[in-house]
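See structure below.
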Amino acid sequence: MTRTAGGVEYELTRKAVKNLNLRVRADGSVHVSAPRRTPLSEVDGFVAGRAAWIARARERLAAHAGEAEAAREAYTDAECLEAFTEVSDRVYPLFARLLPEKPELRVRWMKSRWGVCCPAKNRITLNKQLMGKPRAAVEYVVLHEYVHFLHPDHQAGFHAEMAKWMPDYRERRKLLKT
């Protein structure tokens with residue numbers, strides 16, 4: 001059901017949830033999920049009370065979309081692959097005894113991941129957006145994906161292996177958020 005409150009048009013979904021949840025999607029649309037018995041006046045008040053926050057979120061999304069589009073065109077796939085291969089060539093020897101063949105590297109634009117490891121196909125796919133990040137962040141992502149050949153999850157063994165090869169991996173991971 002579509003509603004408007006505080007000058008904000010939003011899509012309301014009634015669900016088996018405990019709290020009111022508000023999301024501003026990438027296209028700027030606003031979605032609210034609410035417990036089934038919450039009065040509409042309470043939902044409208046919730047949205048109206050967050051109208052300024054919603055406006056700022058939409059501005060950030062619009063700015064980020066422009067930056068992302070510029071970044072998408074800033075480097076060719078070949079340039080990205082060349083830079084990432086150089087890092088991979090330095091990381092692979094750490095895993096050579098476990099991986100008889102160096103993984104195939106691929107590059108593509110991804111919205112929500114920096115890299116993907118596919119052990120069954122001996123492949124690592126890296127996000128093209130990494131080219132805009134510091135070298136230390138790229139090294140972190142490449143090592144992260146190599147470690148997934150040993151530990152497919154993010155449990156204690158995974159983190160122990162990361163710390164073994166890159167003691168400052170937590171600080172490097174933070175570089176991806178800047």
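As a basis for the values below, the full set of heavy atoms in this structure was taken, side chains included, without hydrogen atoms, waters or symmetry mates. By convention here, the first residue in the shown sequence is residue 1.
Remark: side-chain polar atoms of Glu42 are not paired, donor with acceptor, to backbone N or O of Pro39 under 3.5 angstrom. Proximity of a side-chain donor or acceptor of Lys128 to a complementary backbone N or O of Cys80 within less than 3.5 Å is not detected. Looking at Arg23, its side chain never comes within 3.5 Å of a backbone N or O of His31 through a donor-acceptor pair.
Residue Glu11 qualifies as enclosed at atom CD: its count of foreign heavy atoms under 6.0 Å is above 12. At most 12 heavy atoms of other shown residues, nucleotides or ligands fall within 6.0 angstrom of atom CZ in Arg113.
Across all their heavy atoms, Glu9 and Val30 have their closest contact at O-CB, 3.8 Å. Here the closest non-hydrogen pair linking Phe84 and Val107 is CD1-CG2, 3.9 Å. Cys117 and Glu145 make their closest contact through N-OE1, 3.1 Å (heavy atoms, listed as atom of the first residue, atom of the second, distance). For the pair Ala34 and Leu20, the tightest heavy-atom approach, listed with the atom from each and the gap, is CB-CD2, 3.2 Å. Nearest heavy atom pair, residue Pro119 against residue Phe149, reads CA-CE2, 3.6 Å. Minimum interatomic distance between Leu40 and Leu12 (heavy atoms only, all atoms of both residues): CD2-CD2, 3.6 Å.
With rounding to the nearest 0.5 angstrom, the CG atom of Leu105 is 12.5 Å from the CD atom of Glu82. The CD atom of Glu104 sits 5.0 Å away from atom CZ of Arg123, with the distance rounded to the nearest 0.5 Å. Once rounded to the nearest 0.5 Å, the distance linking CZ of Phe158 with CG of Asp153 reads 8.5 Å. Rounded to the nearest 0.5 Å, atoms CZ (Arg36) and OG1 (Thr13) are 11.0 Å apart. For the atom pair CG of Leu150 and CG of Leu99, the computed distance is 7.0 Å after rounding to the nearest 0.5 Å. Between the CZ atom in Arg173 and the CG atom in Asp168 there is a gap of 11.5 Å [rounded to 0.5 Å].
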Inset, instruction - Begin from the C-alpha positions of Tyr140 and Met162 and carry the test side-chain contact (heavy atoms from CB on, under 4.5 Å) through to its verdict. - result: CA-CA 9 Å; Tyr140 160 77; Met162 284 295 295; 3.5 Å; yes
Inset, instruction - Carefully, step by step, assess Lys164 and Glu161 under the rule salt bridge (charged side-chain N to carboxylate O under 4.0 Å, His left out). - result: CA-CA 5 Å; Lys164 173 180 160 185; Glu161 196 72 24; 3.7 Å; yes
Inset, instruction - Before giving the answer on side-chain contact (heavy atoms from CB on, under 4.5 Å), spell out for Arg14 and Thr38 the whole-Å C-alpha distance, their side-chain angles and the decisive distance to 0.1 Å. - result: CA-CA 9 Å; Arg14 301 278 188 173; Thr38 303; 3.8 Å; yes
Inset, instruction - Let me see the working for Val142 and Tyr92 under side-chain contact (heavy atoms from CB on, under 4.5 Å), right down to the final yes or no. - result: CA-CA 10 Å; Val142 171; Tyr92 174 69; over 6 Å; no
Inset, instruction - Run the numbers on Val141 and Asn127 for side-chain contact (heavy atoms from CB on, under 4.5 Å), then give the verdict. - result: CA-CA 10 Å; Val141 173; Asn127 190 335; over 6 Å; no
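In this structure, the ring of His154 has its center less than 6.0 angstrom from the ring center of His148.
Contact check for Val138 versus Leu126: no side-chain heavy atoms found under the 4.5 Å cut-off. Under the 4.5 Å side-chain criterion, counting only non-hydrogen atoms from C-beta, Lys133 is in contact with Trp114. For the pair Glu86 and Arg135, the minimum side-chain heavy-atom distance is below 4.5 Å. A heavy-atom distance below 4.5 Å is found between the side chains of Trp53 and Leu22.
Under the 4.5 Å side-chain contact rule for hydrophobic residues, Leu61 and Val8 share a cluster. No continuous path of hydrophobic side-chain contacts links Phe46 to Val17 [ILVMFWY only; heavy atoms under 4.5 Å]. Both Val87 and Trp165 sit in one connected hydrophobic cluster of ILVMFWY residues. Membership requires side-chain heavy atoms under 4.5 Å apart, directly or through other members. Hydrophobic clustering, with ILVMFWY side chains joined whenever heavy atoms are under 4.5 angstrom apart, groups Leu81 together with Met131. Cluster annotation: Met110 is not connected to Leu175 through the hydrophobic network of ILVMFWY side chains, with a link wherever side-chain heavy atoms come within less than 4.5 Å.
Ion pairing between a basic and an acidic side chain is recognised when a charged N comes within 4.0 Å of a carboxylate O; Arg90 and Glu139 show such pairing. A salt bridge between Arg56 and Glu59 is absent, with no side-chain N of the basic residue lying under 4.0 Å from a carboxylate O of the acidic one.
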